[in-house]
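Contents: one structure, followed by commentary.
All values below come from the heavy atoms of this structure, side chains included, with hydrogens, waters and symmetry mates left out.
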Amino acid sequence: PPAHSHNDWIGPPDKHSNLRPVIFYVPPEESPLEQRLREARQEAQACNQRFWARHNRAFRQEKEEFICSRLKAKGLELRDETGQKATLNAEEMADFYKDFLSKNFRKHMQYNRDWYKRNFTITFLMGQVALARALRWLRWKKKNVEH
């Protein structure tokens with residue numbers, strides 16, 4: 001981001017996780033509380049990135065293995081006579097999706113628990129930052145009225 005920017009910058013989706021990375025704005029006079037909030041947001045982003053990159057990599061690999069094994073069981077090649085990649089029908093792929101989700105259910109539940117904890121922490125810190133800013137503004141306003 002340009003040096004004069006005062007906003008977070010959001011990039012294009014990552015090719016592994018499909019998540020859009022964020023470059024967080026760091027104000028020059030960031031308070032320790034604001035820093036804790038920014039760091040909590042950065043850590044949440046990093047955890048999401050790691051989880052979804054691993055998950056998507058496993059999904060693609062297992063999907064490819066599933067397709068290959070099903071085609072092989074049918075006596076078919078990976079590519080048809082025109083050179084196009086052979087595919088399975090929607091019903092067969094539904095079997096894969098169901099199995100993949102069932103197999104990864106615990107991972108998803110743990111991810112969701114962690115995600116909720118992180119978001120609760122971030123929301124709590126956001127409330128504290130908003131309150132601190134409001135109090136700072138009121139003190140500034142009171143000081144200016146008295147003078």
Side-chain angles (χ1 to χ4, degrees), residues 1-73 76-80 83-144:
H4 66 278
S5 174
H6 294 280
N7 298 302
D8 295 341
W9 279 62
I10 300 171
D14 178 80
K15 68 179 181 178
H16 302 292
S17 69
N18 291 327
L19 299 178
R20 296 172 65 101
V22 179
I23 298 173
F24 293 92
Y25 169 67
V26 181
E29 295 178 18
E30 183 178 52
S31 73
L33 185 59
E34 290 168 328
Q35 181 181 354
R36 278 182 52 208
L37 170 59
R38 179 179 47 79
E39 288 171 352
R41 292 176 65 209
Q42 288 171 320
E43 178 58 26
Q45 177 187 341
C47 287
N48 287 337
Q49 172 68 27
R50 284 189 302 271
F51 175 83
W52 287 108
R54 276 194 310 262
H55 177 274
N56 292 344
R57 187 172 27 257
F59 176 83
R60 284 189 294 272
Q61 181 179 347
E62 290 180 35
K63 180 180 168 189
E64 193 63 34
E65 290 168 2
F66 176 83
I67 292 170
C68 288
S69 70
R70 285 286 174 102
L71 290 172
K72 192 174 185 180
L76 300 172
E77 296 293 323
L78 292 177
R79 299 204 177 268
D80 64 17
Q84 293 280 24
K85 200 171 186 183
T87 59
L88 300 175
N89 65 38
E91 199 171 287
E92 291 172 302
M93 289 309 297
D95 291 339
F96 166 74
Y97 298 133
K98 180 180 178 287
D99 290 343
F100 184 84
L101 289 174
S102 294
K103 191 168 63 174
N104 289 283
F105 179 77
R106 288 187 193 275
K107 285 181 192 175
H108 281 259
M109 289 301 291
Q110 184 62 47
Y111 169 78
N112 283 338
R113 275 193 290 277
D114 290 345
W115 187 82
Y116 279 113
K117 285 179 195 174
R118 288 181 199 287
N119 278 307
F120 178 79
T121 300
I122 288 168
T123 302
F124 182 71
L125 288 170
M126 288 175 84
Q128 288 182 309
V129 166
L131 181 61
R133 286 176 180 169
L135 292 173
R136 192 177 331 134
W137 181 80
L138 286 172
R139 281 194 296 273
W140 176 83
K141 192 87 165 154
K142 182 180 176 186
K143 186 176 88 174
N144 284 346

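Atoms CD1 and CZ, on Ile122 and Arg118 in that order, are 8.0 Å from each other to the nearest 0.5 Å. We find the CZ-CD distance between Phe96 and Glu65 to be 9.0 Å, quoted to the nearest 0.5 Å. Distance check: Thr87 OG1 to Met93 CE gives 9.0 Å after rounding to the nearest 0.5 Å. Taking CD1 from Ile10 and CZ from Phe24, the interatomic distance works out to 8.5 Å, rounded to the nearest 0.5 Å. Here CG of Asn119 is found 11.0 Å from CG of Asp114. Values are rounded to the nearest 0.5 Å. Put simply, NE2 on His16 and CZ on Arg60 are 7.5 Å apart, with the number rounded to the nearest 0.5 Å.
Between Ser69 and Phe66, the closest heavy-atom pair is OG-O, 2.9 Å. The two residues Ser17 and Ala53 make their nearest non-hydrogen contact at CB-N, 3.8 Å. Scanning all heavy atoms of the two residues, the minimum distance from Pro12 to Pro21 falls at O-CD, 3.0 Å. Smallest separation of non-hydrogen atoms from Trp115 and Asn48: CD1-OD1, 3.7 Å. Summarising the geometry of Ile67 relative to Ala86, their closest heavy-atom pair is CG2-O, 4.3 Å, with the distance given to 0.1 Å.
Residues Gln110 and Arg106 bring no donor and acceptor atom of their side chains to less than 3.5 Å of each other. Gln45 and Gln49 form no side-chain donor-acceptor contact under 3.5 Å, judged by distance and modelled atom types alone.
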Run the numbers on Glu91 and Asp95 for side-chain contact (heavy atoms from CB on, under 4.5 Å), then give the verdict.
CA-CA 7 Å; Glu91 199 171 287; Asp95 291 339; 5.6 Å; no
Trace of the side-chain contact (heavy atoms from CB on, under 4.5 Å) decision for Glu92 with Asn89:
CA-CA 5 Å; Glu92 291 172 302; Asn89 65 38; 3.3 Å; yes
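A salt bridge does not link Glu34 to Arg41: none of the charged side-chain nitrogens sits closer than 4.0 Å to a carboxylate oxygen.
Within 6.0 Å of atom CZ in Phe124, 12 or fewer heavy atoms from other residues, nucleotides or ligands are found, so the atom counts as exposed in its surroundings.
Between Phe51 and His55, the two ring planes are parallel [angle under 30°; tilted spans 30° to 60°].
Side-chain atoms of Leu125 and Gln128, non-hydrogen and from C-beta on, do get closer than 4.5 Å to each other.
Between the side chain of Gln61 and the main chain of Ala58, no donor-acceptor pair closer than 3.5 Å is present. Counting only distance, with no hydrogens or angles, the side chain of Asp14 and the backbone of Leu19 share no donor-acceptor pair below 3.5 Å.
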